[in-house]
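First comes the structure, then the notes that go with it.
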Protein chains: 2
Amino acid sequence: MSPIPHLPGGADAHRPRRGRPRSGGREAILAASLDILRERGASRLTTREVATRAGVSEGSVFYHFTDRTGLLTAVIEDSLTSLMDVNPAAQAEVAETLEALTAGMERFLDKVLIVVIAAQSDAELRTGMADFLRSNDFGPHRGVNGIAGYLRAQQRGGLVRADIDPEAVGAMLLGSIFLRVAMGQMVDPAYSDNVPDRGRVLKGLVQLITPPDGPRSGGPSGRR
Amino acid sequence: MSPIPHLPGGADAHRPRRGRPRSGGREAILAASLDILRERGASRLTTREVATRAGVSEGSVFYHFTDRTGLLTAVIEDSLTSLMDVNPAAQAEVAETLEALTAGMERFLDKVLIVVIAAQSDAELRTGMADFLRSNDFGPHRGVNGIAGYLRAQQRGGLVRADIDPEAVGAMLLGSIFLRVAMGQMVDPAYSDNVPDRGRVLKGLVQLITPPDGPRSGGPSGRR
DNA sequence: GTCTATAGGTTGATAGAC
DNA sequence: GTCTATCAACCTATAGAC
């Protein structure tokens, strides 16, 4: 199902490797960079402050990442890769499965949006990220297709209305989550409350896509 | 309906004003800034290149906008303000109205996303934009509420299922549009094709929110 | 309001010792 | 792999003439 080649870095931040154990300088630099990105934004990230926060010298930063662009590229690809394959097991109920599926997507978006935004600050970073996404067939469509695939399966089982467009529903569901996460991150955390949260959207959606008169039954009566 | 105070700048890029007619330097600077933002990103925008592209001296840039942050703030608020109140008239059919409504929103998002992203490159710009949005009660929730308000009205008329959550639907619909616009702008224009477009989402949605057996009829039979 | 010239301060990056 | 020391380039911002 997953056409992704084996990529460096899995769900873990620090993987074991051949060779001498790392002293942690590199990781400290990456972590400090992420912090600065969040607090000050990409334009205000200087190699000098990265070094200071990471507790290393500026020379170390360049030793590990060649240049500033290399550093930011590493930060971006690192974050993107970290959660590339999350796929929670399907639950018994449609509502529960969608809940688990979208909860994971929301957490993922919340984590990667910061670096996706950082990539927008520089055309070189942006095209680099675009290439990376293309190479790995990665991006939001993965989430949309994940939702759509699940819905399609349930359509065959009769738990979901047969006449819905799974991709359209997937785009709407993921879109609503993306919208909320983006508002929280691009304006301020409380701003996302101006828009329904995942729980409410999910509830409204399940109501829409569930057959009017229960699974599989073609009868005209029965409460909804 | 619109609690927005009168703001400078309407739908037009150049409004007439009291006082001496502008020589256009200011506008040229703003336009050049937008171009650079698109092509190179906020981190690569220098006052020097802005001046060169606008065909003015660097001194002029600082004369008009005080400093770099002031320039970017002006670019952001200018773009945000330019289309603050679009409200197409309701059409006869639900599908048509939603089409007109969301088409406007898509155009708007496509225009402002670039500056919203630029604001993320610098914490000072970000909080400035956040304050601006708050002061004007502006943001994506406006779009969500616009859709929700229309749906609620149609629920009373029986053209839309009475048991749906208008806000949830609004969030999903706007979210799916936002997702597509964001993919096109943050990765590359073609990348948004990985996800259903507005037309397809709209079609799928109308199917979901339209009463199973036509407007107003409460009868138990009828095909679904 | 616009220009030229220039100052002052950062910043990314390198060299070389340990 | 990490540090210190150092630079050259660049970029924001100001001063003052027109």
Side-chain angles (χ1 to χ4, degrees), chain A residues 14-33 35-37 39-76 78 118-119 121-125 128, chain B residues 14-33 35-37 39-76 78 118-119 121-125 128:
Chain A
H14 29 247
R15 64 216 120 107
R17 266 231 299 204
R18 238 185 283 274
R20 90 169 57 81
R22 315 264 197 65
S23 43
R26 193 189 150 98
E27 280 69 25
I29 293 170
L30 289 173
S33 300
D35 284 349
I36 297 173
L37 246 30
E39 289 175 32
R40 313 212 156 172
S43 289
R44 297 286 200 213
L45 180 145
T46 66
T47 52
R48 196 150 296 180
E49 194 184 350
V50 168
T52 305
R53 287 216 199 187
V56 300
S57 73
E58 215 176 336
S60 272
V61 174
F62 287 92
Y63 169 79
H64 283 295
F65 303 99
T66 311
D67 58 16
R68 197 191 104 116
T69 301
L71 167 61
L72 289 176
T73 299
V75 171
I76 292 166
D78 213 63
S121 67
D122 184 329
E124 193 177 341
L125 293 175
Chain B
H14 27 247
R15 64 216 120 104
R17 266 233 300 203
R18 236 186 284 273
R20 88 172 57 81
R22 315 265 197 65
S23 42
R26 192 189 153 98
E27 279 69 26
I29 293 169
L30 289 173
S33 300
D35 284 347
I36 297 173
L37 246 29
E39 287 175 33
R40 312 211 156 174
S43 289
R44 297 286 200 213
L45 180 145
T46 66
T47 52
R48 193 154 299 177
E49 195 185 347
V50 169
T52 306
R53 288 217 200 186
V56 301
S57 72
E58 218 176 330
S60 272
V61 174
F62 287 92
Y63 169 79
H64 283 295
F65 302 100
T66 311
D67 57 17
R68 199 191 104 116
T69 301
L71 167 61
L72 289 176
T73 299
V75 171
I76 292 166
D78 214 63
S121 68
D122 185 328
E124 192 178 341
L125 293 175

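Numbers restart at 1 for each chain; the letters A, B, ... are given by sequence-line order, proteins then strands.
- Counting only residues at least two apart or in different chains, salt bridge (Lys or Arg N to Asp or Glu O under 4.0 Å) contacts with residues 49-59 of chain A comprise A/Glu39-A/Arg53, A/Arg40-A/Glu49, A/Arg48-A/Glu58, A/Glu49-A/Arg53.
- The two residues A/Leu125 and A/Ala118 come nearest to each other via the heavy atoms CD1-O, 4.1 Å.
- C/dT10 atom C1' lies 15 Å from atom CG of B/Asp122, rounded to whole Å.
- Summarising the geometry of B/Gly25 relative to B/Val56, their closest heavy-atom pair is CA-CG1, 4.5 Å, with the distance given to 0.1 Å.
- Residues B/Ala42 and A/Ser43 share a closest heavy-atom pair of C-OG, 4.0 Å.
- In this structure, the separation between CD1 on B/Ile76 and CG on B/Leu37 is 8.0 Å, given to the nearest 0.5 Å.
- Contacts between residues 57-71 of chain A and DNA chain C, defined by a heavy-atom separation below 4.0 Å, involve A/Glu58, A/Phe62, A/Asp67, A/Arg68, listed by number.
- Distance check: A/Thr73 OG1 to A/Asp122 CG gives 8.5 Å after rounding to the nearest 0.5 Å.
- Of the residues in residues 39-55 of chain A, A/Leu45, A/Thr46, A/Thr47, A/Arg48 come within less than 4.0 Å of DNA chain C through at least one heavy atom, sorted by number.
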Listing, residues 60-72 of chain B side-chain donor-acceptor contacts under 3.5 Å, not counting sequence neighbours, or none:
{"from": "B/Asp67", "atom 1": "OD1", "to": "B/Thr69", "atom 2": "N", "distance (Å)": "3.4"}
{"from": "B/Asp67", "atom 1": "OD1", "to": "B/Gly70", "atom 2": "N", "distance (Å)": "2.7"}
{"from": "B/Arg68", "atom 1": "NH1", "to": "B/Leu45", "atom 2": "O", "distance (Å)": "2.5"}

